[in-house]
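Chain naming here is simple, since letters A, B, ... match the order of the sequence lines and numbering starts at 1 in each.
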Amino acid sequence: MKKLLNFLAIVFIISLTGCAKYTDITPKGQNLLNRVGDLDLLMNVDYSGSAFNFNKETLLIDDNYLYAVNVPNTISSNVLTLDKVFLTYNESADRAALTPTDAQYEGFYKIISTVSNIILANADNASGDLSLKKQLKAEAYIIRAYLHYLLVNIYAKAYDPATAATDGGIPYVKDINFEKANAKLTVKEVYDNILSDLESSMALNALPDQPKNSMRAGKGFAYAVKTKVLMSMRDYSGALNAVNTALTFNSTIEDHRTLLSVPKASRVLSRNGLNASDNLFYSYYNNYDPTIYAPTYEILNNYYEPGNIIKDSTNVYNYGFGFFFVGLANIPVWYQVTYQGNSAGMTTSDLIMMKAECLIRTNKVNEGMDEINKIRIRRIAPYSPLVASTEAQAMAYLQKVSRIEFLFTWRNFVDLKRWNKEGIYPVAVARTINGTTYSLPANSKLWVFPFPQSATQFNENLTQNY
Amino acid sequence: MLLKALCKSYPLGKLFTTKTLLIMRWGSVSKRTESHRTSSKKIILAMKLTAIILLSACLTASANGYSQITLSEKNAPLQKVFKEIQKQTGYNFFYTYELMQQAGPVTVKVNNVSLEKALEMSLSGKELTYEIISKTVVIKEKSKESVKEELPPPIDVKGQVVNEKGEPVSGVTVTVKGKKIATATNDNGEFEIKGIDQNAILVFTSVNIETFETKLNGRSDIAVIAKTKVTGLDDVFVTVNTGYQKINRQNVTGSVVTVGSKELEKRNAVNIMQNLEGAVPGLVQYRGTTTIRGVSTLQANTAVLVVVDGLPIEGSIADLNPYDIESISVLKDAAAASIYGARASNGVIVVTTKRAKERGKTVVEVSGNLTLINKRNYDYLDYMTPSQQVDWESEIYNLYFSGGLSFISNPITTFESNISTGVDISPVQYGYYQFYKGQITKAQLDASLADYKKNDFLNQFRENAVLNQQLQQYNLALRVNNGRFQNSFVVNYTTDNSGIINAYDKKLNLFYKGSYNVGNWLDIDYGVNSIVGKARSHNNAFATDPFSVPSYYSLFNSDGSRASYSTIRFNIYNTILETTPSLFSAKFNHLDELGRDFINTSIFNSRYYVNLNFKPMKGLTINPMFQYEDMRRDVSAYSEAESYTMRWLNDVYTTRTGSPGNYTYTKLLPVGGKLNTSHSRSPNYTARVQANYNREFGEHGFIALAGTEFRQTNIYGQNGTLLGYDDQLQTQGTNNVNYGNLFNINRGTFWNPNYNTRTRHFAEISNFGLIRDELHRFASGYANLTYTYQKKYNLFGSVRKDYADLFGGDEKYRGRPLWSVGASWIASSENFLKQFNSINYLKLRASYGLTGNIRNVTALLAATTGINNTTQLPNATVINPPNPQLRWEKTATTNIGIDFTMFNNRLSGTIDWYRRKGTDLFSLKRLDPSSGFTSLTINNASMVNNGFEFNLGYEWVKPTSIDGFQWSSSLLGAVNNNKITDVDELTRNPYTLASGGSYKVGYPVRSIYSFQFAGLNTSGVPQWFDAMGNKTIAALGPNDADAIVFSGDSDPKVNLSFNNDLSFKGFSLSIFAVYYGGNYYRARPVPRSYPYAGYGPLPSYLLNSWTPTKTDTDIPGSGQYYMPAMHNQYDFSDNLVRQADFIKVRNIVLGYDLPQSVASKLKSTRIRLRLQVNNPKSLWTKQTDVYTDPETGGAQIPTSFVFGLNANF
């Protein structure tokens, strides 16, 4: 009897050790990230959705009103919302308390950590095509630099060579570690890291001239990002070199003149978001961006040049819907779902306008104006070239053209923030709604967005930068 | 090895007579108790022994005659002595050579003595004894008992207890009079007692039968007929089947409810779960989910574990044949369920199917039921009548075209552009357009409006498309039991017309199960269950919905032919699709489409099992079990070429080039139908080896088991699409389709540049893909022990360790020990309680233990494969961070219960109190998003369910005879309070909280959170209170999280069921009513404001909309007072929430058993007729101001009538 029980006990124990082995299986459909091909799949990120929604930034700089939300009601409401704070430039509001989460902060770091950093960490040990491996690493560096660049522009002050070493920046995340809290670096440290990642990427010399689709980074995009970063750091000659290199890969500009060949009622503005020939890198909030965006009175009256083809010669702007969405008289909304704007990526327009500014800022005003006119000739009918005699005049033209060219996108926010911090060519931001004028001073802390509570509650290093 | 042994033994076993087998077993068992060998060796030994005995039996020649014996042997082998005796007497000898070897030589000298004397002399001094059976002498080892007890030699008795109807009676206690030997009958009424006196008297007692005695008189196989005690109450002595073991109810320490076939068959049901409603306190089926004692998890599996004939199944409990259920046990507390370990947190339902019981008889059961269900009722939606809608639309569109709606600036041009771009347009709107255009006069307009008012689309739809649902169930069972073979073959066929034309749902369920008694040491059970299902349903969502067109439409033209109209995707006034020859008509008729566009579903589920039951020694059984399940499901949706689906798809995917008057149309889709298919396969298996030990030593009883189980589940499959498909010709044209071109059409058709083509249609024409191959494995080892003292005190303990494929999880956490303890005391067996005659039975129970639950997540850093929706390239996404500490959820349950019967068994009941504390529950914990993740699923929440349950039965009138008047009632109830005690509150965002995106500590899992409605403002815009108590029309922000109020739990807190059974002379009547309450639901439709009428029916709340003169309402203004909603707060507003309490009569069943005299003329043993009404109108609902039913949240469950016939032959 005893032996029998012993025997059963032994059977029991053997079967238990067998249990651990029996249940040790690798599920199908799981990518273990240990082959180059697996990592390539990881790189096929869809750069779209709420992380790439720059509404709050474009609302701040008065490009547009609220996204399908009634403006007068929001202002008159006694409920304090971020919408109301930004509409009225209320500096005293506790914005951090109104920001429980933030899709941009969460979304960008998600891609940085779970795409770029995983590729950079796993690539060396992954099996497969060596050249693809190098290319993936180069892409990962570019994406990491680009997203950190956007983050530092949103959550920190604009780069100022005088104070960058002490201005609070953001975490620059380069490793996969879920245990420790990421440290907040200074603005200078962040830019140094961005430059270092750009260098690492270019040193690999593995980016394709033309990526396989515009949601993958190629050389054109890499140099475009470098240009942006150097311009932020006020290195205009360095930026000019970079942008000239970028332009060797793509210089096709979107052309609105083709619309004019049919009657106005039939003019349908269209753009294939992914395959548009001017894409450097395609990214968006909604694939019908900027549909539903309502431009402000200031944009309509002070920035649109007379003869703008979209505004004056098509039905893209819908005034009936405008009142419906934002509740303001004579405010239209952009309503053209066939147009898939590149609201969160970059296009050749960026290259042209960056080149123009670099030229203007390095004493080549006429060459700079030529670049500006390359855009204008495709946007204005009837067209006549603009000529500037001074750097200041050229910059004034550039700021107007670029504001419309990049309307409702992150570029206007980053440019205005940079110009206002630099202080040489500041752009005044003020809006008048139903007789009340609200202004955003150039040094307002509103230019720096708060870190969301979802971050500050779980990372005590993250003090606000305003 | 066991199987090999089994195969070898089979042909031998067939040769045995019952008696030789009995002898063989006797010998081998008593020998084995002495020896200390391992069990598997024992079996081999048993084989050898069998062979040897068989051999000796064959070789020994039988001789006749009887004579006195004379022997004279000196140091002779025993065999030689026996041969001599055989020669002199003709008696055969059975012995093993081993025994002879052990015994050694003997010296014996006798003269003219009897056989017995000669044997005694021969065996004196040896540890051997003998037994004479017929003309055979069996030589065997002396057992201790036989040393103690003198002759006559004891015998083994087996038998069966049946009632007057020949039905086996289980749970009958069989005691040997004057001895402490006792046993109980099993499910088949069978019992076995070993080693008792040939002339012993057996006493049979049970609460269901009159106590009686039988003298054995040497019989070893008896059949006794017990007289049924006439009582309506279920007894407390039946055996409980936990799936792992069958145990007498007296010995149970946990909370288990067993519902027998008698109770289950009282009402007809399509699904056995319907029959469990109100039969098991604590089992709540509400709004499609089944819970036992409340919700126990936030994110893990919430399904109750279903065990059929001992093994868990992956298939649905709904697939079980309701006519073939012997009993259902629901295991509620840890002591009962912990043996299921990591899958038991949600409770366990153990189903035992019927088996052939009556020995030596072939039983045929035939049943047929017809259920007629009332047509579905749409009243709960509370739409305007056609006439009201025409009036409402008239008012709005009069304003529309007269410029009275501020948001429509150029009504005529806007409207004309709407016609050309295919925007939906209602006939009333078009009428006013014509009137304002001057195309018709006011009189013509009024005439057409008057005509519209005469129509009633919903009514026509109900008359022509909706059917009274008709459900037919047929069941045929053949059962044969010859004592060693038991065979059951059950065929069940159900057919359902689905309540709509041209649809059906048919299912054939075939179940063969058998068992074979190879020998006293081995039983084999085996079975095959196959379910074949074919169903046809409709594929076109517009066609099955009577609300896809305005309510004043008509299905028919005035001449009776079918009318053509448009769906919401187009309008009837734009004729481009009708007049262009190469395009397809976009016209629609519900009845047409209900005949052209079908989804055909075919299922084939099978389950195979083999269970072996070895009994190597007294009290011990070893049980290898294996079950394989294979579930296959094939769905093919065929839209014919003529169907609206295909006509519309063809038009949408047609491009136009050229200029007006000279257009060229290019079709991107091949002309023809479309076949969307989906195939899924799910093979699963479970293997288990278990040892059971069940033995009594005097006053001490032990029931123990230990085992190990391995289980694998798997599902995989594919989807596909064929375009240009023709079912008749069996042709298709998918090969020529350019999917790239089709995908590139994101938005726009040639008539409407804003049509959302890709989102609406690309998936339905390109449904290619995989159902991801998902494989899971579970393994476990377990043991439990029940110790009984004096049949009054029971102690129970169990332990189980579970492993699951937590991918990447630390091995330390992958297996987790779960355990339980319990105790029970049959107080009524104590002398001090025996003096109270009113107490017939009283038992107290207490238990505590842990059960587990799991969520299949990956603990390792890995990515899942998907598609980049922009580039359409495959991609991979890292969903969760590595989390090797993932482990099982743990639920600790404390249960205290009492079982009693009182007042001459009139009152019986069970009361249980419990507390279930769930810890380590999976929930989200937030992380700093810069780590790449905003949250991580870890084991960090906890919750508690507190409650009590009772089940009381009372027999008001006891019948004096089996046909006498009898009336009994039962009242069951359960109260459960659920509360989260620890969770990471994920949000302060009021909307996220109200919409169910987070949990709060201190509140139930299924809480309803709402915005506090603050009335309409002076413009008819709804307002809500913010955290400061101010009224506001704006969306509440994070600072206003405290403005969200708790509006109650959506799970019922209390449920009661009340059942009355009456019977008299073959008639029986049972009335069953239920109460659910203490919970809340969002009962009112969300009052949306309408700028103008949409294309469809209009909700009747619009008639109560705000206007400057009608401010006493909470319906926002519409039409000229329309204000676009700024947010969706009204979806979760507290003024829409209502209490959900209700009382309903669930069913009334009238049954009639044909008198035996009539039945026997039809060669039947029993014929029963039944009339059942299900869900007559609700008796009471707490809320009377809403149209939705509190039970379903939508339409009331329709009333149905069941006509049934049941016959046994």
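- At a 4.5 Å heavy-atom cutoff, the contact between A/Tyr335 and chain B is made by side-chain atoms alone.
- Listed for the B/Asn875 side chain is a donor-acceptor partner under 3.5 Å among the backbone atoms of A/Asn44.
- Within the 4.5 angstrom heavy-atom criterion, no atom of B/Asn410 approaches chain A.
- Contact of the B/Thr871 side chain with the A/Leu274 side chain is registered, since non-hydrogen atoms from C-beta on lie closer than 4.5 Å.
- Interface remark: A/Asn287 contributes side-chain atoms only to the contact with chain B (heavy atom separation under 4.5 Å).
- For A/Gln340, the part lying under 4.5 angstrom from a heavy atom of chain B is the side chain only.
- When each of B/Ala1027, B/Pro874, B/Pro1091 is checked for heavy-atom pairs under 4.5 Å with chain A, B/Pro874 comes out on top.
- Contact of A/Leu151 with chain B is not made at all, since no heavy-atom distance falls under 4.5 Å.
- Using a 4.5 Å cut-off between heavy atoms, A/Val173 touches chain B through its side chain atoms alone.
- Contact of A/Val115 with chain B is not made at all, since no heavy-atom distance falls under 4.5 Å.
- For a residue to count as touching a neighbouring chain, one of its non-hydrogen atoms must lie under 4.5 Å from one of that chain's; by this rule A/Leu82 does not touch chain B.
- There is no contact between A/Phe321 and chain B, counting heavy-atom distances below 4.5 Å.
- In terms of heavy-atom pairs under 4.5 Å with chain B, the best-connected choice from A/Val45, A/Thr456, A/Ile170 is A/Val45.
- Contact annotation for A/Tyr288: only side-chain heavy atoms (C-beta onward) come within less than 4.5 Å of a heavy atom of chain B.
- From A/Asp175, atom CG reaches atom OG of B/Ser931 across 10.5 Å, with rounding to the nearest 0.5 Å.
- For A/Thr81, the part sitting under 4.5 Å from any heavy atom of chain B is the side chain, from C-beta outward, and nothing else.
- If you take CD on A/Glu106 and CG on B/Leu927, they are separated by 11.0 Å, rounding to the nearest 0.5 Å.
- Only the backbone of B/Ala1035 comes within contact range of chain A, judged by heavy atoms closer than 4.5 Å.
- Between chain B and the residues A/Ile118, A/Val69, A/Asp40, the most heavy-atom pairs under 4.5 angstrom are made by A/Ile118.
- Only the side chain of A/Leu33 comes within contact range of chain B, with heavy atoms under 4.5 Å apart.
- Among B/Leu936, B/Thr865, B/Leu873, the residue making the largest number of heavy-atom pairs under 4.5 Å with chain A is B/Leu873.
- Chosen from B/Asn746, B/Asp1026, B/Asp928, B/Asn756, the residue pairing most often with chain A at heavy-atom distances under 4.5 Å is B/Asp928.
- At a 4.5 Å heavy-atom cutoff, the contact between B/Ile1033 and chain A is made by side-chain atoms alone.
- Seen from the ring of A/Phe458, B/Arg926 does not count as a face-on cation partner, given the 6.0 Å and 45° thresholds.
- More than 12 heavy-atom neighbours from other residues, nucleotides or ligands sit within 6.0 angstrom of CZ on B/Arg777.
- Taking each heavy atom of B/Pro929 and A/Ala455 in turn, the nearest pair found is CD-CA, 3.5 Å.
- Only the side chain of A/Tyr284 comes within contact range of chain B, with at least one heavy atom under 4.5 Å from a heavy atom of that chain.
- Closest approach of A/Tyr22 to B/Phe778, counting heavy atoms only: CE2-O, 3.4 Å.
- Distance OG1/B/Thr934 to OH/A/Tyr109: 14.5 Å, rounded to 0.5 Å.
- For the residue pair B/Gly932 and A/Lys110, the shortest heavy atom distance occurs at O-CG, 3.4 Å.
- Using a 4.5 Å cut-off between heavy atoms, B/Tyr1122 touches chain A through its side chain atoms alone.
- There is no contact between A/Lys84 and chain B, counting heavy-atom distances below 4.5 Å.
- Using modelled atom types, one finds a donor on one side chain and an acceptor on the other under 3.5 Å when comparing A/Asn182 with B/Ser930.
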